[in-house]
Structures are given as C-alpha cells and as structure tokens.
Participant: 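Take a look at the following structure, please.
Only a predicted model underlies this, so the values are computations on that prediction, with no experimental measurement involved. Chain identifiers are assigned alphabetically (A, B, ...) following the order of the sequence lines, protein sequences preceding nucleic acid strands; residue numbering begins at 1 within each chain.
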2 protein chains.
Amino acid sequence: MQRRGDDLRDRILSAAKDVFLAHGFDRASMDLIAEKADTTKRTLYAHFENKEKLFLAIIDYTRGLLAARLKFPADYGDDPDHALVLFCGRFLETMIWNRSIRMCRLTLAEAGRFPDGAALFHEAIFGTVQDRLATYLRERLAVPKSTATRAAVDLLGRILYPRFTRALFGAEPEVELRDDAAQPSEHVDLKPIRAAVAETLRAARAR
Amino acid sequence: MQRRGDDLRDRILSAAKDVFLAHGFDRASMDLIAEKADTTKRTLYAHFENKEKLFLAIIDYTRGLLAARLKFPADYGDDPDHALVLFCGRFLETMIWNRSIRMCRLTLAEAGRFPDGAALFHEAIFGTVQDRLATYLRERLAVPKSTATRAAVDLLGRILYPRFTRALFGAEPEVELRDDAAQPSEHVDLKPIRAAVAETLRAARAR
DNA sequence: ACCTAAGTATACCGTCAAGTATACTTTGGC
DNA sequence: GCCAAAGTATACTTGACGGTATACTTAGGT
C-alpha cells in the first residue's frame, strides 16, 4: 500500500475523468470510478464529499492539463509569421483532439447545473489563448492594444472556431494525439493558417 | 378528448423538448414528460417506443423549427450588403438564443451515445446556412463557386463562431427571443457584422 | 512496539425512474 | 347504436446508483 494521499487522489481524478468522459455525469457511477481507480467507494468519499464536488475537481484538473499545452514556447523562433502559425496550429490541434472535445461536451452538458464550471473552463482555455496572442502582437509587433485584441479575436475566429465547432458536433474525424510533442501534427493543415496569419499581420500592421 | 393523433404527438414532442432542455437526457423522467404533456406514460409509450427514440424524434423536430427561422426572406431587399447583414444578424441571434444554446448543449451532451443526432443537427443548421450564403453570393453576385464557399465559411467564422462558442459555454448573457419577428433584435450588434460583410464582399469581388 | 490516520472489503438502505400490466373510458367511422 | 382504436388512471416490477455502516488491515511517526 504505497499509494497514499496525493498519489491516490491523482489516480482517482484520472480514473474519474475517464469514466465521466466515457459516460457523462449521470451515467458515470461512483462504483465504476472506484473500481477503475483501483480503490473502494469508501475511500472515494473520503477524498471527495460527493459526486458534484468530484466533477468540479475534474474540471479544474483538466483545465490545468490543457493550459500546460498552450504555452508560447521559445523554440518557435523569432519570425512572427512562423511562430504564430505554429502556435495557432498547435492550439487548433489541441482543441480538436478527441479528449478535449469530449471534455468540452461534458462541461457543456452540465453547464445548466454547473454554470461556473463551464464558464471557468472556457475562460481558462479560450481567454488565455486570446490574451497570449494579443500580448504577442503587442509586444513583438508593437500593435496597439485594442487593435491587437481585435486581431487576436479575428484570427481565432477564422482558424479555430469553424473546425472546433464541427468537431464538437462530431462532423470531423476524431483526432488522437500524443501527450508530449510540441509541434503541430499532420492533423492540421497549416496552409489556411498561414494565409489567415499573413492577412491578420498585414491588417494589424497597416493600422 | 379532442386531442388525438398528430395533435397529441406534437404536444408530447413539445413537452418532452422542454423537459429534456431543462434537465438533460438522463434526468428527464418519462413521468414528468407525460405530466407536462397532460397525458399518461402509457400513451407516451404508444407514440414512442422508448426514451431514446423520443429523444431522436425531438432532435428532428427541433431541426425543423430552427430551419424555418433560417430562410433568406425576400423582404431583405435587393442591396446585397444590406440583405447579407440582416441574414447574418438574424442567424447569429437565432444561434445565441438561449433555447438554441440549450438544444445544442443537449445534442452535444449525448453526441457520444447518439452521434448521428449531433451530426445531423449540425449539418441541418450550419451546413444549410453556409450553403444558402454561398448560393446567394454565387447567384446574386456572380462569385465563382469555390470562392463563394470559402467566403461563406470565412464570414460565418468571423461573425458567428466567436459569440456562439462563448454563449455555448455560458460566457455571454442569456438571450430571450420571440418566436416570430423576422428582423434581428437589439441582442446583436450590427456594426461588426457590417464590417465583416463589407470586407468579405470586397475580397470576393476582387477575385 | 504501538497508536492513529488512511485505506480495504462488503453489505446495506433509500430512492428514483424505465418500462409493463390491468382495467377502464372516450371517440369516431360504419 | 356499436365496436375497435386511442387514451386514461394507477399500480407494479425491476434494476441501478448515491451514499452510509461496520468491521477489518496496513503504514508510518514517535
């Protein structure tokens, strides 16, 4: 019995996440979660007061995991076009990843019961990325603040939302990704992203 | 007892939709649906084999209701800029309407169990609107087909997805609409739509 | 060595909801 | 007017699941 405290807590979170993603909130049973976490229901309830609290903990946990994927890595280089394309490509890829899609569906499914969960999740993902993009435009390209924000929103609208929305509704093939890997994979076509980035930069610089 | 056949069937569908939207698939009880439809569970099961079939019937029913809102009315006038702005504004408004949002969340919540439901729903809404936009551009403005499609996708990306996605996650205030009314209401700001339409038209004509 | 906190194993309770059964009433076509 | 189809009223069966209870084991600090 080496697995105590945080270790076990993490195993529970991970197992619970799998079960919630696979079955949805209501059909996910605490019995199954305990089984997958290789522990007992009694212990589950020692760590999490009830199913609702466990669910919220999972949203938070996932938020953290996703945020870690969405940094602006230094090794994207100094060329803004190139760096922006890589960043956007990687973000798009992360968001159409089937695990992300299922997580979004889960939070959306329960948005009525847990409005804060959905809103926080959204803000943590989309808000953060939008801010990072705007900051990059402002700092590296000396674009004025309000223009930078508008440009970031616009860029995301063109690149992300169409494919993301389609993926949400299951209208795109499922995307499986590795947990590591910092470069966009073959699941995203960089060509339209390059075009959108180029156009955004041109417009932003012109003002 | 004047309400037989289709009449009753419609009452059931409407009541079931309310209950599903309010509680989600699993927490919606057939007892409550029967009560709201002012009938009995036995009759419910006479019209719909089981809960799943009822759910799918509701998706289809709603699809029809939404599609009816998304026509390109003749009274939008002959000026393409103006007509496109009205059309896009009305589509945006319809999609951030809280009933639409809840319906989308519902289909997304069950996308795992009913993949066809979600995909069909998506196609019926977004696919149809995209087609109508592209057709309009092609027919009224003589834009070549592939360009028209690209322009339509782009336009929707800029106008719709950002607000729609935010609304999905509950990051925008709820929008309540009247069932009738063919003009966009005060819930959508036409200014950014005008800009996007103008830019789209300029780009489409240039090619 | 021992005591306490954490975890295990397993059974149990109460509730709720899907779907069925049974006996009855209303309706409309003939 | 009658009869089959549609609908009503209500009770029942069955199973699942959230959460608790009880009795036990293990680990680790002192």
Side-chain angles (χ1 to χ4, degrees), chain A residues 1-61 106-107 109-114 117, chain B residues 1-61 102 106-107 109-110 112-114 117:
Chain A
M1 192 188 295
Q2 279 92 320
R3 49 279 212 323
R4 290 206 154 199
D6 290 353
D7 190 29
L8 178 52
R9 193 189 145 91
D10 265 20
R11 279 221 328 284
I12 292 176
L13 282 172
S14 164
K17 185 180 164 187
D18 288 346
V19 175
F20 276 124
L21 286 182
H23 300 104
F25 182 83
D26 288 297
R27 291 168 88 92
S29 88
M30 296 297 266
D31 288 281
L32 183 57
I33 292 171
E35 191 188 315
K36 295 261 182 195
D38 201 21
T39 180
T40 64
K41 223 175 11 164
R42 203 73 196 73
T43 305
L44 216 61
Y45 281 98
H47 283 261
F48 301 95
E49 195 180 329
N50 53 37
K51 203 178 180 182
E52 279 79 14
K53 294 274 170 67
L54 175 56
F55 181 74
L56 290 173
I58 283 170
I59 290 187
D60 210 55
Y61 171 72
L106 181 62
T107 65
E110 304 307 325
R113 225 180 318 175
F114 304 104
Chain B
M1 194 186 298
Q2 279 94 316
R3 46 291 211 317
R4 290 208 155 197
D6 291 352
D7 190 29
L8 179 53
R9 193 189 144 90
D10 265 20
R11 278 221 328 284
I12 292 176
L13 281 172
S14 165
K17 184 181 163 188
D18 288 345
V19 175
F20 276 125
L21 285 183
H23 300 105
F25 183 83
D26 288 297
R27 293 169 89 90
S29 88
M30 298 296 267
D31 288 281
L32 183 58
I33 291 172
E35 191 189 316
K36 296 260 183 196
D38 201 22
T39 181
T40 65
K41 223 173 16 162
R42 204 72 197 74
T43 306
L44 217 62
Y45 281 97
H47 283 260
F48 301 94
E49 195 181 331
N50 54 35
K51 203 178 178 181
E52 278 78 15
K53 293 272 171 68
L54 175 55
F55 181 74
L56 290 173
I58 284 170
I59 291 187
D60 209 56
Y61 171 71
R102 286 213 287 272
L106 181 62
T107 65
E110 305 306 325
R113 224 180 320 175
F114 305 105

Participant: If we only count heavy atoms from C-beta on, is the A/E35 to A/K41 side-chain gap below 4.5 Å?
Facilitator: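 Contact flag for A/E35/A/K41 side chains = no.
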Participant: The side chain of B/M30 lies closest to which of these nucleotides: D/dG19, C/dA18, C/dG7?
Facilitator: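 From the listed options, C/dA18 comes nearest.
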Participant: Tell me if the centroids of the rings in B/F25 and B/F114 come within less than 6.0 Å of each other.
Facilitator: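 Yes, the ring of B/F25 comes within the 6.0 Å limit of the ring of B/F114, centre to centre.
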Participant: In whole Å, I'd like the distance from the NE2 atom of A/H23 to the P atom of D/dC17.
Facilitator: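 In whole Å, D/dC17 P and A/H23 NE2 are 9 Å from each other.
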Participant: Would you indicate what B/A34 reaches in the nucleic acid, counting non-hydrogen atoms under 4.0 angstrom: base, sugar-phosphate, or nothing?
Facilitator: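 Since no nucleic acid heavy atom lies under 4.0 Å of B/A34, the category is nothing.
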Participant: Taking 4.0 angstrom as the limit, do A/D26 and A/R113 come out as a salt bridge?
Facilitator: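 Salt bridge: yes.
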Participant: Whole Å only: how far is the CG atom of A/N50 from the P atom of D/dC17?
Facilitator: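 Checked: the CG to P distance equals 17 Å.
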Participant: Tell me which nucleotide among D/dG7, C/dT20, D/dG19 gets nearest to the side chain of B/Y45.
Facilitator: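 Looking only at heavy atoms from C-beta outward on B/Y45, the closest nucleotide is C/dT20.
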Participant: Would you mind telling me which of D/dT22, D/dG7, C/dG19 lies closest to the side-chain atoms of A/R42?
Facilitator: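 The answer is D/dT22.
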Participant: Taking N and O atoms by type only, does the side chain of B/K51 place a donor or acceptor under 3.5 Å from a partner on the base of C/dG19?
Facilitator: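 Answer no: no donor N or O sits under 3.5 Å from an acceptor.
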Participant: Verify, without hydrogens or angle tests, whether A/K36 (side chain) and A/D31 (backbone) share a donor-acceptor contact under 3.5 angstrom.
Facilitator: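 No, the answer is negative, given that no donor and acceptor are paired below the 3.5 Å cut-off.
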Participant: When the distance from CZ of B/F55 to P of C/dA17 is rounded to whole Å, what number comes out?
Facilitator: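 Nearest whole value for this atom pair: 18 Å.
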Participant: Just compare C/dA18, D/dA9, C/dA9 and give me whichever is closest to any side-chain atom of B/T40.
Facilitator: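 Looking only at heavy atoms from C-beta outward on B/T40, the closest nucleotide is D/dA9.
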Participant: Go through C/dA17, C/dT8, D/dG19 for me and flag the one nearest to the A/K41 side chain.
Facilitator: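 My answer, after comparing the listed nucleotides, is D/dG19.
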Participant: Expressed as a whole number of angstroms, how long is the span from B/D26:CG to C/dA18:P?
Facilitator: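 Distance, rounded to whole Å: 9 Å.
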Participant: To the nearest Å, how far apart are A/D31 CG and C/dT10 C1'?
Facilitator: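 Result: 11 Å.
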Participant: If you look at every strand shown and take non-hydrogen atoms under 4.0 Å, does B/S29 touch a base, only sugar-phosphate, or nothing?
Facilitator: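 If one applies the 4.0 Å heavy-atom cut-off, B/S29 turns out to touch the sugar-phosphate alone, with no base involved.
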Participant: If you only use heavy atoms from C-beta on, which nucleotide in C/dT8, C/dA18, D/dG18 is closest to the side chain of A/T39?
Facilitator: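 My answer, after comparing the listed nucleotides, is C/dT8.
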Participant: OP1 or OP2 of C/dA6 sitting under 4.0 Å from any side-chain N/O of A/H47?
Facilitator: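 Negative; the distance criterion is not met.
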Participant: In sequence, state the C-alpha distance, the side-chain angles, and the governing distance for B/F48 and B/L13, and then conclude on side-chain contact (heavy atoms from CB on, under 4.5 Å).
Facilitator: CA-CA 10 Å; B/F48 301 94; B/L13 281 172; 3.8 Å; yes
